[in-house]
Amino acid sequence: MQDFEFRRARDAAEASALLREWPGAKLLAGGQSLLASMRMGLLTTDLLVDLQEVPELHGIEETADGLINLGAMATHASLAASSRLQAFAPGLARLACHIADAQVRNFGTIGGSLANYDPSACWAAGALAAGGEIETSRRLIDIDDFFQGLFATALEEDEVLMRVRLRRPRRLCYLKHEQAASRFALVGVAVADFGDHVRVAVNGTVEGAVRAPDFEQALQSRLHPDSLKGIAFDEGLMPQDIHAGADYRAHMAAVLCRRAVALFAQEGCQ
């Protein structure tokens with residue numbers, strides 16, 4: 001791994017200033033993806049900016065407009081254990097509880113997961129299904145506009161992801177089919193029921209996490225597994241590798257979506 005400078009930012013303004021001063025600098029949150037990429041030589045940088053002590057990036061709170069603010073530095077473990085998140089959207093707390101293993105959950109953060117935007121990461125699908133906004137150091141970005149392709153987001157080079165502002169669904173369920181060794185999702189599906197509309201998001205595709213409009217439309221008229229009969233995911237959206245073929249992933253995505261909706265009927269997901 002190449003040599004690099006290390007700085008610990010005291011606030012978001014200092015982090016943004018360092019990003020402007022050092023083109024190509026990287027923000028260090030939990031480091032679960034970033035440091036692994038650096039060790040393998042897949043990513044290089046002259047400066048790492050540590051965000052651990054930036055106070056604005058911590059905390060979980062509900063807002064007056066009915067959203068929940070999740071600080072970017074909130075770890076998966078803290079979100080899984082959060083009584084506020086459990087009361088607001090139990091399905092999102094459950095999603096956090098099943099990310100990777102205990103070590104990753106204790107160090108990995110929601111902000112790092114969304115900013116890195118690995119196609120197999122769970123939070124992208126959960127956030128996209130819930131809907132809401134990404135708050136950065138200078139603007140709000142609608143969740144639907146934030147993800148822009150494989151490992152690509154709407155974040156500018158000197159922009160810091162501050163918090164994730166998610167809507168409250170009546171029910172949300174995220175299910176995934178894991179690769180056994182890594183526990184990354186070969187494919188995952190999040191279904192969110194808002195009463196007057198349904199949002200469905202799929203991760204593990206060649207584009208990362210994407211909405212599934214055909215499934216959303218089918219469930220709009222009747223939120224029941226039978227509504228999804230004959231509807232399939234596009235195999236062209238699915239990768240093909242040594243772990244699974246594109247046809248298998250597309251099939252599993254449809255199966256997971258039906259299972260999630262069936263759990264709603266059984267009150268297995270709230």
Side-chain angles (χ1 to χ4, degrees), residues 26-38 40 42-43 51 57 70-80 85 89 91-132 134 141 143-155 161 163-164 166 172-192 199-212 233 237-239 241 243-244 249 252-253 256-257 260:
K26 299 299 180 184
L27 298 176
L28 176 63
Q32 298 305 289
S33 298
L34 177 65
L35 296 181
S37 296
M38 293 177 67
M40 291 187 289
L42 300 175
L43 182 150
L51 301 175
L57 303 185
L70 308 178
M73 290 298 290
T75 65
H76 310 312
S78 69
L79 291 169
L85 184 58
L92 291 175
R94 193 176 300 113
L95 177 155
C97 186
H98 293 285
I99 291 175
D101 54 32
Q103 178 173 322
V104 170
R105 289 193 295 274
N106 280 311
F107 283 91
T109 65
I110 185 172
S113 177
L114 295 179
N116 184 60
Y117 190 30
D118 188 293
S120 298
C122 303
W123 270 117
L128 195 55
I134 300 293
I141 307 171
I143 287 284
D144 287 320
D145 300 324
F146 182 73
F147 303 113
Q148 299 191 346
L150 199 62
F151 289 100
T153 72
L155 289 171
L161 195 160
R163 54 189 61 87
V164 186
L166 299 178
L172 183 146
C173 188
Y174 173 73
L175 299 175
K176 61 180 175 177
H177 184 47
E178 295 179 341
Q179 198 278 327
S182 67
R183 296 197 66 185
F184 269 107
L186 290 176
V187 66
V189 177
V191 182
R199 290 171 66 99
V200 179
V202 186
N203 65 313
T205 81
V206 295
E207 298 177 7
V210 297
R211 297 271 299 276
F233 282 100
L237 278 175
M238 298 296 176
D241 55 30
H243 301 298
R249 283 181 161 96
M252 283 306 304
L256 292 173
C257 191

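Quick note: numbers below take in every heavy atom, side chains included, and nothing from hydrogens, waters or symmetry partners.
Side-chain contact between His177 and Leu256: present, with at least one pair of heavy atoms (C-beta onward) separated by less than 4.5 Å. Under the 4.5 Å side-chain criterion, counting only non-hydrogen atoms from C-beta, Leu51 is in contact with Met73. Put simply, the side chain of Met238 reaches to within 4.5 Å of the side chain of Val187, judged on heavy atoms.
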Worked check of side-chain contact (heavy atoms from CB on, under 4.5 Å) between Thr75 and Asn106: CA-CA 6 Å; Thr75 65; Asn106 280 311; 5.6 Å; no

Residue pair Leu34, Lys26: steps toward the side-chain contact (heavy atoms from CB on, under 4.5 Å) verdict: CA-CA 9 Å; Leu34 177 65; Lys26 299 299 180 184; 4.2 Å; yes

Intermediate values then yes/no, side-chain contact (heavy atoms from CB on, under 4.5 Å), Leu79 and Leu95: CA-CA 9 Å; Leu79 291 169; Leu95 177 155; over 6 Å; no

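Note: Ile99 CD1 to Arg105 CZ = 8.5 Å, rounded to the nearest 0.5 Å. Between atom CD of residue Gln179 and atom CZ of residue Phe184 there is a gap of 10.0 Å, rounded to the nearest 0.5 Å. Taking CG from Asp101 and CD from Gln32, the interatomic distance works out to 8.5 Å, rounded to the nearest 0.5 Å. How far SG of Cys122 is from CD of Glu178: 7.5 Å, rounded to the nearest 0.5 Å. Atoms CZ and CG, on Arg163 and Leu57 in that order, are 7.5 Å from each other to the nearest 0.5 Å.
Applying side-chain contact (heavy atoms from CB on, under 4.5 Å) to Cys257 and the options Val189, Val202, Leu175 leaves one that passes, Val189. Exactly one of Phe147, Phe151, Phe146, Trp123 qualifies for a ring pair (Phe, Tyr, Trp, His ring centres under 6.0 Å) with Tyr117. That residue is Phe147. With Leu114 as the fixed residue, the side-chain contact (heavy atoms from CB on, under 4.5 Å) test singles out one of Thr153, Leu155, Val164: Val164.
Looking at every heavy atom in both residues, Val104 comes nearest to His76 through O-CD2, 3.8 Å. Heavy-atom minimum distance, Leu92 versus Gly126: CD2-O, 4.0 Å. In this structure, Ala100 and Lys176 approach most closely via the heavy-atom pair N-NZ, 4.2 Å. Scanning both residues, Ile143 and Gly131, for their nearest heavy atoms gives CG1-C, 4.1 Å. When all heavy atoms of Ala72 and Thr109 are compared, the pair lying nearest together is O-CB, 3.4 Å. The nearest pair of heavy atoms linking Ala129 to Ala201 is N-CB, 3.9 Å.
For Arg249 (side chain) and Pro239 (main-chain N/O), a donor-acceptor pair under 3.5 Å exists by modelled atom type.
Among residues at least two apart or in separate chains, side-chain hydrogen bond (donor to acceptor under 3.5 Å, both in side chains) pairs with a member in residues 202-212 are Asp144-Arg211, Tyr174-Asn203, Arg211-Glu216.
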